[in-house]
S.K.: 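I have a structure here, written as structure tokens, and I will follow up with some questions on it.
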Amino acid sequence: MRYWLMKSEPDEVSFDDVLAAPKQTVAWYGVRNYQARNFMRDGMSVGDGILFYHSSCAVPGVAGIAEVASSPYPDATQFDAASHYHDPKATQENPRWISVDVRALEAGRFLPLTEMRGIAALDDMVLLQKGSRLSISPVTAAQWNAIVKLLREGKR
DNA sequence: GCCAACGTTGGC
DNA sequence: GCCAACGTTGGC
């Protein structure tokens, strides 16, 4: 069992969107960074914990708790010429990019990035390192526990 | 909109 | 394999 933080732009897919989806599950598509892809491909297992993070928005931060709900599989958007995520170098035989399914579990309160920066237990989070822009990053058990506790301090 | 930081591309 | 140029991310 591992823990991850995954960034989504809420204008695209918000945590509430995932809660409202069938089975509270969506395909995580559009990852086009090799390091992030490798985390999905080599590190994730069904049941791993996910901190669902809202980025590129007015108030960035952790919006809820989710879990990995599938094994990795090819990201369909790479083959779709009409998609923003189309990759002409990807083929069905040799896919480059992968997806996993993500199931939303629990919202809790919203934990803003500004608040996270003030918490000593989170100092080493990949997310908070200078220049870090990975859309998927590993989270330690200690970081996970600290954040889940904060999320549960106030329910929405 | 700005800009720092990072990743990718492609010429050599 | 180097590295400059370019594109992207994402907080502010």
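It should be emphasised that the depicted structure is a prediction, and the values quoted were computed from it without experimental measurement. So you know, we letter chains A, B, ... as the sequences are listed, proteins then strands, and number each from 1.
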S.K.: Would A:I136 end up clustered with A:I98 when hydrophobic side chains under 4.5 Å apart are linked, directly or stepwise?
M.R.: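 Yes: a chain of side-chain contacts under 4.5 Å links A:I136 to A:I98.
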
S.K.: Can you tell me if A:H84 uses its side chain to pair, donor with acceptor, with the backbone of A:G30 under 3.5 Å?
M.R.: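 Such a contact is absent between A:H84 side chain and A:G30 backbone.
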
S.K.: What's the CG-C1' distance between A:L113 and C:dG10, to the nearest Å?
M.R.: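 Nearest whole value for this atom pair: 10 Å.
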
S.K.: Minimum heavy-atom separation for A:D17 to A:P10, with atom names?
M.R.: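 For A:D17 and A:P10, the tightest heavy-atom pair comes out as OD2-O, 4.2 Å.
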
S.K.: Measure from the side chain of A:R117, starting at C-beta and using heavy atoms only, and say which of C:dC12, B:dG7, C:dG10 lies closest.
M.R.: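 Selected nucleotide (nearest to the side chain): C:dC12.
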
S.K.: Using a 3.5 Å distance criterion without hydrogens, assess whether the side chain of A:Q129 forms a donor-acceptor pair with backbone atoms of A:M125.
M.R.: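 Yes; at least one donor-acceptor contact below 3.5 Å.
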
S.K.: Of the nucleotides C:dG11, B:dG7, B:dT8, which has the atom closest to the A:Y53 side chain?
M.R.: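 Shortest atom-to-atom distance from the side chain points to C:dG11.
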
S.K.: For the residue pair A:D80 / A:T77, report whether a side-chain donor-acceptor contact shorter than 3.5 Å exists.
M.R.: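 The criterion, which ignores hydrogens and geometry beyond distance, is not satisfied for A:D80 and A:T77.
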
S.K.: Which residues in residues 122-140 of chain A have a heavy atom closer than 4.0 Å to any atom of DNA chain B?
M.R.: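 Residues of residues 122-140 of chain A that come under 4.0 Å of DNA chain B are, in numerical order, A:K130, A:G131, A:R133.
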
S.K.: Answer with yes or no after comparing the ring centroid distance for A:W97 and A:Y34 against a 6.0 Å cut-off, counting only values under it.
M.R.: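 Ring centroids of A:W97 and A:Y34 are less than 6.0 Å from each other.
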
S.K.: Report the distance from atom CG of A:D87 to atom P of B:dG7, rounded to the nearest whole Å.
M.R.: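 Answer to the nearest Å: 18 Å.
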
S.K.: Can you tell me the distance, in whole Å, between the CD atom of A:E9 and the P atom of C:dT8?
M.R.: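 So the two atoms are 13 Å apart, to the nearest Å.
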
S.K.: In terms of hydrophobic clustering (I, L, V, M, F, W, Y; side-chain heavy atoms under 4.5 Å; direct or indirect links), are A:M1 and A:V139 co-clustered?
M.R.: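 Looking at the clustering, A:V139 is in the same group as A:M1.
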
S.K.: To the nearest angstrom, how far is A:M116 atom CE from C:dC12 atom P?
M.R.: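 Going from A:M116 (CE) to C:dC12 (P), I get 12 Å.
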
S.K.: What is the distance from CG of A:N33 to C1' of C:dT9, rounded to the nearest Å?
M.R.: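 That distance rounds to 10 Å.
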
S.K.: Roughly, in whole Å, what's the span from NE2 in A:H54 to P in C:dT9?
M.R.: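 From A:H54 NE2 to C:dT9 P: 17 Å.
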
S.K.: Let me check something: do A:Y85 and A:F79 share a hydrophobic cluster, defined by ILVMFWY side-chain heavy atoms less than 4.5 Å apart, either directly or through other members?
M.R.: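 No, separate clusters.
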
S.K.: How many Å lie between CG on A:L5 and P on C:dT9, as a whole number?
M.R.: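 My rounded result for the distance is 16 Å.
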
S.K.: Nearest of B:dT8, C:dC12, B:dG10 to any side-chain atom of A:K89?
M.R.: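 Output: B:dG10.
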
S.K.: Only stems of 3 or more consecutive Watson-Crick or G-U pairs count here, both distances under 3.5 Å; name the ones for DNA chain C, or none.
M.R.: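 Only these stems qualify: B:1-12 with C:1-12.
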
S.K.: Between A:R32 (CZ) and B:dT9 (P), how many Å, whole number?
M.R.: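 Whole-Å distance recorded here is 13 Å.
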
S.K.: Looking at A:F39, I want to see if its CZ is surrounded by more than 12 non-hydrogen atoms of other residues, nucleotides or ligands under 6.0 Å.
M.R.: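 Yes, the 6.0 Å shell around CZ holds more than 12 heavy atoms from other groups.
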
